[in-house]
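Have a look at the structure below, then the notes.
Any value given below was found using the heavy atoms of this structure, including those in side chains, with hydrogens, waters and symmetry copies removed. Order of the sequence lines sets the chain letters (A, B, ...), proteins ahead of strands, with each chain counted from 1.
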Amino acid sequence: MRDAVVLADADNFFASCETVFHPALRGRPLVVLSNNDGCVVSRSAAAKALGLANGVPWFVIRDQASRLGVVARSSNYELYASLSRRMMILMSHFFADQERYSIDECFLRSSLGVIRTRHHAAVMRETVLHGLGIPVSIGIAPTRTLAKIVIRLAKHDPHRGGVATWPSCQEGDIARATSPSRTADDLLAQTPIGDVWGVGRRLSKRLLAAGIPDALHLRDADPVLIRRRHSVVLERTVLELRGIPCPQPPSDASDGRRTGRILCSRMFSHPLGGTDDAIAGALSVYAQRACTRLRRQGSVCSRVSAFCSGRPRSPSDPGAWAERTVILDDPSDDPLVVAAAACGALRGRLDPDSRYVRAGVMLTGLSDRMTYDSTLNGLGARRDDHRLGSVLDLVTGRYGPSRIGIGCAGIRSVSRDHDIADDWGMRRSLLSPRSTTHWEEMAVVHAV
DNA sequence: TCTGGGGTCCTAGGACCC
DNA sequence: TCTGGGGTCCTAGGACCC
């Protein structure tokens with residue numbers, strides 16, 4: 001008997017999280033906004049029913065939305081990350097080999113057979129709904145790509161109770177999913193090519209032009225030809241659509257798993273001039289955050305890149321852009337070293353007449369700290385810096401990111417609706433309480 | 001006036017090595 | 001005069017994901 005892929009994906013995750021401690025919001029049109037309250041990134045079912053789209057700038061629809069009684073919230077990352085962790089832990093008890101694919105979805109593996117897998121999945125869904133208040137949809141299929149397709153039925157067909165299984169393996173073994181099935185073909189034919197997992201805008205245009213308008217046509221395309229004309233990635237998608245699993249390496253970096261590079265970048269709450277000291281302050285803060293992630297995954301970096309970009313003034317104007325990479329003499333995870341490198345990288349390279357709207361720090365050339373420490377270079381490098389980083393981590397973990405910092409990122413004023421600084425930091429004017437991560441914002445329950 | 005952030009993999013091409 | 005071949009590693013850029 002073949003194993004089944006179980007895909008669990010929270011419904012409208014950010015919007016659902018907002019209702020957990022505010023049950024009065026349930027059923028109401030609700031949108032969650034990106035950083036700086038920029039654009040819509042999550043919508044409740046009622047907001048979707050009103051025709052509000054994802055990705056729309058908030059200032060464009062604000063008036064219309066308030067007329068329609070839509071509630072808006074700033075992104076409350078602390079709350080979402082905390083609820084995500086709890087949701088993942090709950091689900092990890094039901095099936096093997098959980099892989100957290102993103103903040104709101106995970107893949108699991110079941111060898112229980114189709115009927116028991118469905119039952120188990122339904123219990124898992126109820127457990128998360130009642131234990132956490134987050135609705136989750138579940139797709140069961142022989143491969144990830146098919147699970148991604150069938151989960152749409154779970155989300156949109158209310159008769160399915162939030163769980164959908166790939167047609168043709170309803171009753172029997174998951175392996176039978178590879179045998180021909182009218183309903184499976186119908187489902188593939190109803191899936192536009194751009195909705196297939198791994199096919200983005202560019203690729204779907206090319207495939208449409210090549211006479212492949214939907215998932216069914218892609219499944220029946222010649223894999224060799226697809227590989228030659230497109231890529232080995234798309235060839236794998238063809239095989240997965242045929243029910244043949246093509247394993248992918250784990251992609252998730254949470255829980256300290258290693259990633260290949262670390263990027264920390266943000267838009268400013270308002271444009272900053274090229275001579276503004278605040279830019280160095282921002283780079284220093286981002287460098288320290290990046291170092292925290294670096295230490296969490298037990299790595300050191302050998303390259304520090306800093307960049308700063310301006311807003312285009314016209315469609316033909318690419319906007320101001322400054323970027324430089326510094327190579328460290330000794331790979332490091334020391335916030336002092338990395339912040340100095342990031343700030344130094346752009347010193348004197350910013351245009352005084354330009355207005356900048358975003359800055360970022362990227363760490364690359366990552367290697368395992370223990371392995372590096374044991375090399376000849378590592379033995380020669382100063383290693384007494386670990387303690388500073390660890391202390392920063394401890395203080396930040398306990399008192400929040402605004403209470404301690406080095407250099408330009410030193411003591412800053414603290415306000416709830418500005419992430420770190422009162423000048424350039426993220427604007428979050430519609431932030432809900434961070435009920436699970438901040439004592440002073442804990443939910444209050446009244447007994448009557 | 002205002003439009004997110006952080007990852008992944010693949011490919012091509014150059015440097016380098018034996 | 002004639003000037004190899006096969007491998008690895010690294011990087012930049014493109015496409016995609018949530």
For [X] and [N], what is the distance between atoms [atom1] and [atom2] respectively, to the nearest whole Å?
X: L7(A); N: dC17(C); atom1: CG; atom2: C1'; result: 13 Å
X: E105(A); N: dC17(C); atom1: CD; atom2: C1'; result: 9 Å
X: L234(A); N: dC16(C); atom1: CG; atom2: P; result: 10 Å
X: N36(A); N: dT3(B); atom1: CG; atom2: P; result: 7 Å
X: Y286(A); N: dG4(B); atom1: OH; atom2: P; result: 13 Å
X: E99(A); N: dC17(C); atom1: CD; atom2: P; result: 16 Å
X: E323(A); N: dA12(C); atom1: CD; atom2: C1'; result: 10 Å
X: F107(A); N: dC17(C); atom1: CZ; atom2: P; result: 12 Å

Check whether any side-chain N or O of [X] sits under 3.5 Å from a backbone N or O of [Y] as a donor-acceptor pair, and report yes or no.
X: E240(A); Y: T145(A); value: yes
X: R293(A); Y: L263(A); value: yes
X: S332(A); Y: V338(A); value: no

Of R100(A), K148(A), R144(A), the residue whose pairing with E105(A) passes salt bridge (Lys or Arg N to Asp or Glu O under 4.0 Å):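 Going through R100(A), K148(A), R144(A) one by one, the salt bridge (Lys or Arg N to Asp or Glu O under 4.0 Å) with E105(A) is satisfied by K148(A) alone.
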
Look at all strands and tell whether [X] reaches a base, only sugar-phosphate, or nothing, counting heavy atoms closer than 4.0 Å.
X: L203(A); value: sugar-phosphate
X: D104(A); value: sugar-phosphate
X: K205(A); value: nothing
X: S265(A); value: sugar-phosphate
X: V357(A); value: nothing
X: V199(A); value: sugar-phosphate

Does a side-chain N or O from K148(A) land closer than 4.0 Å to OP1 or OP2 of dC18(C), or not? yes

Return yes when atom CZ of R358(A) has more than 12 non-hydrogen atoms of other residues, nucleotides or ligands closer than 6.0 Å, and no otherwise.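 Buried by this count: over 12 neighbours within 6.0 Å.
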
Counting side-chain heavy atoms from CB outward, which of [options] is closest to [X]?
X: R358(A); options: dG6(B), dG5(B), dT3(B); answer: dG5(B)
X: F59(A); options: dT3(B), dC18(C), dC16(C); answer: dT3(B)
X: M267(A); options: dC10(B), dT3(B), dG7(B); answer: dT3(B)
X: R293(A); options: dG7(B), dT3(B), dC18(C); answer: dG7(B)
X: V232(A); options: dA15(C), dG7(B), dT11(B); answer: dT11(B)
X: W197(A); options: dG6(B), dG4(B), dC18(C); answer: dC18(C)
X: P57(A); options: dG4(B), dT3(B), dA15(C); answer: dT3(B)
X: Y101(A); options: dA15(C), dC18(C), dC2(B); answer: dC18(C)
X: R303(A); options: dT11(C), dG4(B), dC18(C); answer: dT11(C)

For atom C1', what is the distance between dC16(B) and dG4(C), given to the nearest Å? 15 Å

Between R227(A) and R261(A), who's closer to the 5' end of DNA chain B by nearest nucleotide? R261(A)

Reading DNA chain B from 5' onward, which residue's closest nucleotide shows up sooner: V233(A) or Y77(A)? Y77(A)

Does some side-chain heavy atom of I61(A) sit less than 4.5 Å from a side-chain heavy atom of V40(A)? yes

Run the side-chain hydrogen bond (donor to acceptor under 3.5 Å, both in side chains) check on T364(A) and R303(A) step by step: do they pass? CA-CA 5 Å; T364(A) 50; R303(A) 279 190 305 273; 3.3 Å; yes

Nearest-0.5 Å distance, CG of residue N12(A) to CD of residue E18(A): 12.5 Å

What class does the angle between the rings of Y80(A) and F14(A) fall in, given that below 30° is parallel, 30 to 60° is tilted and above 60° is perpendicular?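 Aromatic pair Y80(A)/F14(A) classed parallel.
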
Taking five pairs at each end of the helix from dG5(B)-dC18(C) to dC18(B)-dG5(C), what angle separates the two helix axes (nearest 10°)? 0°

